[in-house]
Asks: 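Sharing a structure with you now.
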Amino acid sequence: MMRKPFAITLDPGSSLANHTGGWRTERPVYVDRLPPCNHACPAGENIQGWLFHAEAGNYEAAWRQLTEDNPLPAVMGRVCYHPCEDACNRAHLDSAVGINSIERFLGDEAIRRGWKFPPPAASSGRRVLIVGAGPSGLSAAYHLARGGHRVSIHEAGPVAGGMMRFGIPKYRLPRDVLDAEVERILSLGVELKLDRKVDNILDTMRQGSFDAAFLAVGAHIAKRAYIPAGASSKILDAVSVLRSMEGEDRPMLGRRVVVYGGGNTAIDVARTAKRLGATEAIIVYRRTRDRMPAHDFEVEEALQEGVMIKWLSTIKQAGDAGLTVEKMRLDGKGFPQPTGEFETLAADSLVLALGQDVDLSLLERVPGLEVADGVVQVGADMMTGYAGIFAGGDMVPAERTVTVAVGHGKKAARHIDAWLRSARYQKSEKHPVAEFDKLNPWYYSDAPKSLRPMLDIVRRQSTFDEVQGGLDETSALYEARRCLSCGNCFECDNCYGVCPDNAVIKLGPGNRFRFNYDYCKGCGLCATECPCGAIAMEPEQI
Amino acid sequence: MSFQPVKFYQTGTFTVGNRLLPDAERSVQANMRRTNSLNSGHRACQGCGEALGARYAIDAAMNATGNRLVAANATGCLEVFSTPYPETSWQIPWIHSLFGNTAAVATGIAAALKVKAKSDVRVIAQGGDGGTTDIGFGCLSGMFERNDDVLYICYDNEAYMNTGVQRSSATPPAARTATTMAVGSEPGNPFGQGKNLPAIALAHDIAYVATATVAELRDLEAKVTRAMEFRGARYIHIFVPCPLGWGHASHDTIRIARLAKETGLFPVFEAENGEIVSVSKIRHRLPVEEYLRPQKRFAHLFSPQPRAQVIAHLQAIADRNIRKYGLCEENAQ
């Protein structure tokens with residue numbers, strides 16, 4: 001018995017003996033929700049994940065996280081239409097995080113500093129044939145090579161890149177950037193055979209003793225429309241115009257160039273024509289701007305450069321005196337209908353940008369293959385009807401963008417890898433999406449988006465210099481820090497701070513937090529005050 | 001101005017911590033080795049603003065004094081829920097006083113430390129609004145007037161919560177309490193009564209007077225830290241919502257405190273030697289309804305029929321605060 005002061009009968013005790021956790025009717029739990037940017041990314045990037053590293057200025061870690069899914073960040077940071085930014089929750093506050101510009105910064109930084117991919121896993125001894133060195137083929141090659149498979153790419157063209165080289169103009173994607181990223185993939189030990197058109201896929205697979213094949217030949221054959229033409233009228237197609245830009249002889253388009261079509265390719269051709277010296281580059285499109293398949297920012301940039309667009313018009317005839325254009329009107333369902341009103345449009349050349357078809361000749365004698373609407377049908381595992389032959393990119397039914405193609409390459413690589421091991425790739429379950437109403441936006445600093453510098457308009461009209469500049473380090477860091485980290489803990493310590501019961505245990509940098517359910521009373525303050533919605537309240541089982 | 005908010009590091013200084021900030025700029029509460037002066041196991045209600053405010057303030061004071069601190073505690077919720085004999089949640093030297101004499105007890109401790117020449121040990125007196133604005137008011141005013149070397153912290157939850165939500169002189173107009181029921185022609189607490197204790201403290205011309213809320217941790221910590229740089233009588237008034245007494249959800253404690261500040265009903269400022277030196281500006285100004293509506297103690301202002309006149313009267317009080325203290329940025333008014 002300790003000697004106690006006057007009138008004291010009990011030893012002092014700690015309130016820790018009182019486990020207040022028993023009061024709880026709801027318990028907080030840490031959750032990871034799927035950020036809307038990740039959800040929207042066709043290439044399946046963990047955007048929030050790599051921004052987390054970029055926020056701390058740890059660009060190499062960010063780049064490594066990014067390239068787990070996409071080996072072409074510098075390309076993607078230029079040509080991707082960034083559906084991530086359309087989905088970004090920050091748009092509810094001020095404007096979306098400039099994810100695309102940070103991606104480009106990381107890609108450029110990697111090229112500048114010479115960052116390399118980690119060496120491939122131990123060789124599996126299996127051989128995979130990839131047909132086509134476009135974004136989809138390169139992406140698949142990258143993932144398969146890292147998985148330890150021997151990869152050989154057969155490319156029909158004289159140089160790798162596919163539509164990234166022969167479809168996207170230089171002013172959007174400088175070729176040294178493309179070359180650097182292709183080279184980095186090849187340095188994983190990927191074999192690239194150029195000028196090697198595959199005529200019969202089964203023969204090629206047998207000759208090279210390949211265990212599986214991934215087809216990514218793209219869509220290179222320009223679609224035609226029947227336009228009656230005079231003897232001297234010059235009609236070209238967009239694919240060949242853009243492809244010839246890569247060669248020595250630039251296409252002769254003349255001073256007045258008319259482009260027929262409303263997709264991104266039509267815009268690319270018109271802007272290219274402007275740069276080649278055309279005084280007038282006119283796009284003829286049969287519907288209205290809001291119905292145009294081309295992305296609005298590209299339309300805007302083209303208009304800034306002086307490209308003109310003739311809405312609600314179709315070309316009926318290409319005569320010696322010029323083009324005959326018929327005016328259209330939209331019917332109740334939004335389809336263009338002829339009005340019978342004609343006008344003449346002077347033109348030195350007409351470029352058709354009406355879409356592209358796939359050259360499927362290499363698949364002619366493959367049994368079990370299904371082709372519909374000019375594209376190869378594939379299952380959810382990207383495999384065609386013939387076991388062991390997979391396909392992706394523009395030759396399968398999907399939106400035709402570089403990002404989708406890169407995503408196909410990754411997805412196909414995962415299924416090919418599993419198929420080679422006689423297994424099935426099990427996709428991990430997706431977390432529920434972190435909607436804006438799950439966030440507590442009070443905690444985020446007010447910070448408007450930083451804009452990328454644009455080239456002077458005069459130089460945009462006369463040179464093929466890159467139009468959009470990159471962010472410098474300070475702006476890229478600032479932009480990365482605008483990320484709200486939707487649905488994923490970024491260790492802001494709010495839960496640890498706001499708990500009146502000291503029932504949140506901080507586990508230290510990188511290790512997040514843990515609840516101490518002995519004392520948590522279930523008030524829910526942590527969940528309400530979590531900025532990013534990474535805590536959920538669940539009913540207690542009583 | 002003692003607290004300079006960091007403008008842009010994803011969340012700046014709005015969140016408790018921020019992994020992007022250098023260690024020296026992080027809050028006391030973000031520290032893995034914070035004192036946890038008021039530890040787990042206390043019997044405060046779920047989502048108690050006072051328990052939260054007390055840990056924020058005393059941890060900051062411990063940090064500022066190198067853990068050389070004694071606290072005297074008035075009777076009230078804070079004392080009852082933290083120290084049911086023989087258990088205690090306090091991890092600091094702590095003494096319980098009567099309801100009304102905390103300031104005097106702290107004065108005595110300060111005098112004893114002076115006699116023993118222990119100038120490094122600092123003294124805090126703390127209590128709720130009842131023990132401060134009503135019952136302990138005489139002792140507190142005396143402590144101010146003698147300029148005793150004590151920091152007095154009042155945790156203001158605007159009524160006597162421990163005994164069953166009776167009105168105090170800090171209860172706001174129109175609020176329903178057990179003694180100002182929502183009945184009759186002027187339901188709730190009458191207008192034109194009560195005390196503004198921060199203003200009264202300021203009138204004593206003491207070294208340091210500040211107000212804070214549990215919604216702004218960094219500001220609160222900076223004020224406690226600043227207060228410890230002064231000798232003599234100091235006063236900090238912390239706004240702590242009470243889910244039980246105010247009738248709001250337990251998870252809304254911090255939101256309610258934030259709304260009190262953002263509507264202008266609770267001005268957050270800091271004064272040194274009798275002069276206001278800084279005010280915490282309103283970030284997104286809101287009408288007082290936003291603050292009143294989630295609280296059941298103001299439910300009679302909205303149903304069965306809305307009392308627009310009473311709400312307008314409360315809005316006028318908020319507007320006056322905004323004018324008087326300059327709570328809005330010049331161009332944001």
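All values reported here derive from a predicted model rather than from experimental measurement. Worth knowing before you read on, the calculation uses all heavy atoms, side chains too, and leaves out hydrogens, waters and symmetry mates.
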Asks: So which part of Phe52(A) gets closer than 4.5 Å to some heavy atom of chain B, the side chain, the backbone, both or neither?
Replies: both
Asks: Does the side chain of Gln29(B) reach to within under 4.5 Å of the side chain of Asp493(A), using non-hydrogen atoms?
Replies: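 Answer no - side chains too far apart.
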Asks: Taking atom CG of Asn494(A) and atom CZ of Phe14(B), what is their separation to the nearest 0.5 Å?
Replies: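 Going from the CG atom of Asn494(A) to the CZ atom of Phe14(B) covers 12.0 Å.
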Asks: Indicate the atoms forming the closest heavy-atom contact of Tyr496(A) with Asn31(B), along with that distance.
Replies: OH-O, 2.8 Å
Asks: If you count heavy-atom pairs under 4.5 Å with chain A, which of Arg258(B), Gln91(B), Arg255(B), His42(B) comes out on top?
Replies: Arg258(B)
Asks: Based on non-hydrogen pairs under 4.5 Å, which of Glu491(A), Met537(A), Glu55(A) is most in contact with chain B?
Replies: Glu55(A)
Asks: Taking all non-hydrogen atoms of both residues, which atom of Gly47(B) and which atom of Cys523(A) are closest, and how far apart?
Replies: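 Taking every non-hydrogen atom into account, N-CB, 3.1 Å.
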Asks: Among Ala527(A), Cys520(A), Gly524(A), which has the most heavy-atom pairs under 4.5 Å with chain B?
Replies: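 Ranked by heavy-atom pairs under 4.5 Å with chain B, first place is Gly524(A).
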Asks: With a distance cut-off below 6.0 Å to the six-membered ring centre and an angular limit of 45° from the axis, does Arg283(B) pair with Trp442(A) as a cation-pi contact?
Replies: yes
Asks: How long is the span from the CG atom in Leu507(A) to the CE atom in Met32(B), to the nearest 0.5 Å?
Replies: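 Answer for the CG-CE pair, Leu507(A) versus Met32(B), is 6.5 Å.
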Asks: At a heavy-atom distance under 4.5 Å, which candidate from Val498(A), Leu484(A), Thr20(A) has the highest pair count against chain B?
Replies: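 Of Val498(A), Leu484(A), Thr20(A), Val498(A) has the most heavy-atom pairs under 4.5 Å with chain B.
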Asks: Only pairs of heavy atoms separated by less than 4.5 Å count here; which of Thr88(B), Leu38(B), Thr253(B), Asp59(B) has the most with chain A?
Replies: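 Max contact count across the listed options: Thr88(B).
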Asks: Around His39(A), counting heavy atoms of other residues, nucleotides and ligands shown, do more than 12 lie under 6.0 Å from its NE2?
Replies: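 Atom NE2 in His39(A) is not packed in, count stays at 12 or less.
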Asks: Provide the closest heavy-atom pair for Ala51(B) versus Pro500(A) in the form atom of the first, atom of the second, distance.
Replies: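 Taking every non-hydrogen atom into account, CB-O, 4.1 Å.
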Asks: When only pairs under 4.5 Å are counted, which of Arg26(B), His284(B), Glu50(B), Glu262(B) shares the most heavy-atom pairs with chain A?
Replies: Glu262(B)
Asks: Just by modelled atom types, is the Cys483(A) backbone N or O under 3.5 Å from a matching donor or acceptor in the Gln10(B) side chain?
Replies: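 Between the backbone of Cys483(A) and the side chain of Gln10(B) there is a qualifying donor-acceptor contact (under 3.5 Å).
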Asks: With a 3.5 Å distance limit and no angle check, can you tell me whether Ser89(B) reaches the backbone of Ser15(A) through a side-chain donor-acceptor pair?
Replies: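 Not confirmed, Ser89(B) side chain does not pair with Ser15(A) backbone.
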Asks: Can you tell me which portion of Asn39(B) sits under 4.5 Å from chain A's heavy atoms? Options are side chain, backbone, both or neither.
Replies: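 Interface part for Asn39(B): both.
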Asks: Measuring from Asn18(B):CG to Tyr443(A):OH, what's the distance to the nearest 0.5 Å?
Replies: 13.0 Å
Asks: Report the option among Cys499(A), Pro509(A), Pro531(A) that has the most heavy-atom pairs separated by less than 4.5 Å from atoms of chain B.
Replies: Cys499(A)
Asks: Which one wins on heavy-atom pair count under 4.5 Å against chain A: Thr83(B), Val214(B), Leu217(B), Thr15(B)?
Replies: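 Most heavy-atom pairs within the cutoff with chain A belong to Thr15(B).
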Asks: What heavy-atom pair brings Asp501(A) and Arg55(B) nearest, and what distance separates the two atoms?
Replies: N-NH1, 4.4 Å
Asks: With a 4.5 Å cut-off on heavy-atom pairs, point out which of Ala56(A), Ala503(A), Ser14(A) contacts chain B the most.
Replies: Ser14(A)
Asks: With a 4.5 angstrom heavy-atom cut-off, which part of Asn440(A) approaches chain B: side chain, backbone, both or neither?
Replies: side chain
Asks: Any side-chain heavy-atom pair from Thr528(A) and Ile254(B) closer than 4.5 angstrom?
Replies: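 Side-chain contact under 4.5 Å: no.
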Asks: Please examine the side chains of Cys492(A) and Val16(B), heavy atoms only from C-beta on, and report whether any two atoms are closer than 4.5 Å.
Replies: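 No, side chains not in contact.
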Asks: Restricting to non-hydrogen atoms, name the atom on Ser40(B) and the atom on Asn502(A) that form the minimum distance, rounded to 0.1 Å.
Replies: OG-O, 3.1 Å
Asks: Of the non-hydrogen atoms in Glu529(A) and His251(B), which two are nearest, and what is the gap between them?
Replies: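 In this case the closest contact between Glu529(A) and His251(B) is OE2-O, 4.4 Å.
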Asks: Among the options Cys48(B), Ser27(B), Ala44(B), Cys45(B), pick out the one with the most heavy-atom pairs lying under 4.5 Å from chain A.
Replies: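 Option with the top pair count is Ala44(B).
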Asks: Taking the side chain as everything from C-beta on, heavy atoms only, tell me whether Arg43(B) gets closer than 4.5 Å to Lys521(A).
Replies: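 Side-chain contact under 4.5 Å: no.
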